[in-house]
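Reading through the structure tokens given below for one structure.
All ligand and atom numbering here is 1-based and tracks the order in the structure. Reckoned from all heavy atoms, side chains included, excluding hydrogens, waters and symmetry mates.
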Amino acid sequence: MKISKTSSTRIHTTDFTNLKFGTVFSDHMLICKYKDGEWGEAEIRPYGPIDMTPGSQVLHYGQSVFEGMKAFKNSDDEVLIFRKEENFKRINKSAERLYIPKITENIFMDGLDKLISLDSDWCKNEDGYSLYIRPFIFASGECIKASASEEYTFIIITSPTTRYYAGDLNVVVEQHYSRAAKGGVGFAKAAGNYAASFYPTKMANARGFTQVVWTDSIEHKYIEEAGTMNVWVRIDDTLITPELSDSILGGITRDSIVTLAKDKGIIVQERKLSIDDVVEAHRNGRLIEAFGTGTAVTVSPIDSITVGEEKIELNHKSDSFASLLKKSLQGIQNGTLEDKFGWTSKVNEVVNI
Ligand code: COI
């Protein structure tokens, strides 16, 4: 792998006390191109603009998939990447659905290790900090015929981060627009899924809501996701999250929370969850809490859920399942708790770069 180091790091001019999610990038990136039926040699180079022509297929047809993952520093200043094997599997699952060639394990894992090692100073060893990692693949062939590209580009960029949402999380149940349909690409981390969510989200923002709760596209009856998160409700002492389907993204944080909750003896149900179930539980005083999970948001308690004219306000208690599970998850991620499921991997210090 070719590695060219930056001669002018931006780390000293970066304000780490005021990181707006996704706007600050570390010094380097990894780039690798696919042509003539194979991936070429990966390269690490200073973060910066890339060559693209106006005819690049991704610009016209949106053939692109991405991942979101995180790295944390432990108290020995070692970098731990969380569940990278799962992100590797998922990017290729998404790629397959978008007819994008799979990235090889070696390019993904070796590239990740070297890139994070090189920019490890961007991952702060302080409470609440992490390094958000964004691998993505897009169609870079020059052709505007509506067809799958013959050339692709794989890139990994990283971004130091603290929290995703500032302020309350007030969500509204969306009963007109849909995020994903049966047989569609909702389970994949396809760029277009997010593009299609922006208009309904902006409409909800204009009405004072932070995010929308997506419902199934047929009846708008069953909850699927909330914004960019998987969604959870606690009814009595049971934790419920919608069962996975081809219209729901299989969150790695979601999977981790299922495992952690079960490990703590909490009853977890992955099942169809209707809006009516939630409203009824609220009316009977049985809806105790709701929260969203995702790589970017970790575990975020929901303050209110609006269904039509009805606003369900939720209290945050210090002994909530959300805070209990968030502490366990973060403890494993930053190495302060035992990693009993083997979820973290240490980044090897790369010498002689
Ligand atoms: C993530 O949680 O990694 C996501 O994919 C959300 C992202 C769209 C910011």
Would you mind writing out a table of all protein N or O atoms found under 3.5 Å from any N or O atom of ligand 1, naming both atoms and giving the distance to 0.1 Å?
{"residue": "ligand 1", "atom": "2 (O)", "partner": "Thr295", "partner atom": "N", "Å": "3.2"}
{"residue": "ligand 1", "atom": "2 (O)", "partner": "Ala296", "partner atom": "N", "Å": "2.8"}
{"residue": "ligand 1", "atom": "3 (O)", "partner": "Tyr132", "partner atom": "OH", "Å": "2.6"}
{"residue": "ligand 1", "atom": "5 (O)", "partner": "Lys189", "partner atom": "NZ", "Å": "2.4"}

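Listed here is the closest heavy atom pair of Glu224 and Ser245: OE2-OG, 4.4 Å.
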Review point. Could you go step by step and tell me if Lys89 and Glu86 meet the salt bridge (Lys or Arg N to Asp or Glu O under 4.0 Å) rule?
Key: CA-CA 5 Å; Lys89 278 190 227 152; Glu86 296 305 313; 3.1 Å; yes
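Remark: Ser130 pairs with no residue by the side-chain hydrogen bond (donor to acceptor under 3.5 Å, both in side chains) rule, at least two apart or across chains.
Rounding to the nearest 0.5 angstrom, the gap separating the CD1 atom in Ile3 from the NE2 atom in His28 is 9.0 Å. The CH2 atom of Trp39 sits 4.0 Å away from atom CD1 of Ile103, with the distance rounded to the nearest 0.5 Å.
Cation-pi geometry between Lys33 and Phe154 is not met at under 6.0 angstrom from the ring centre and within 45 degrees of the axis.
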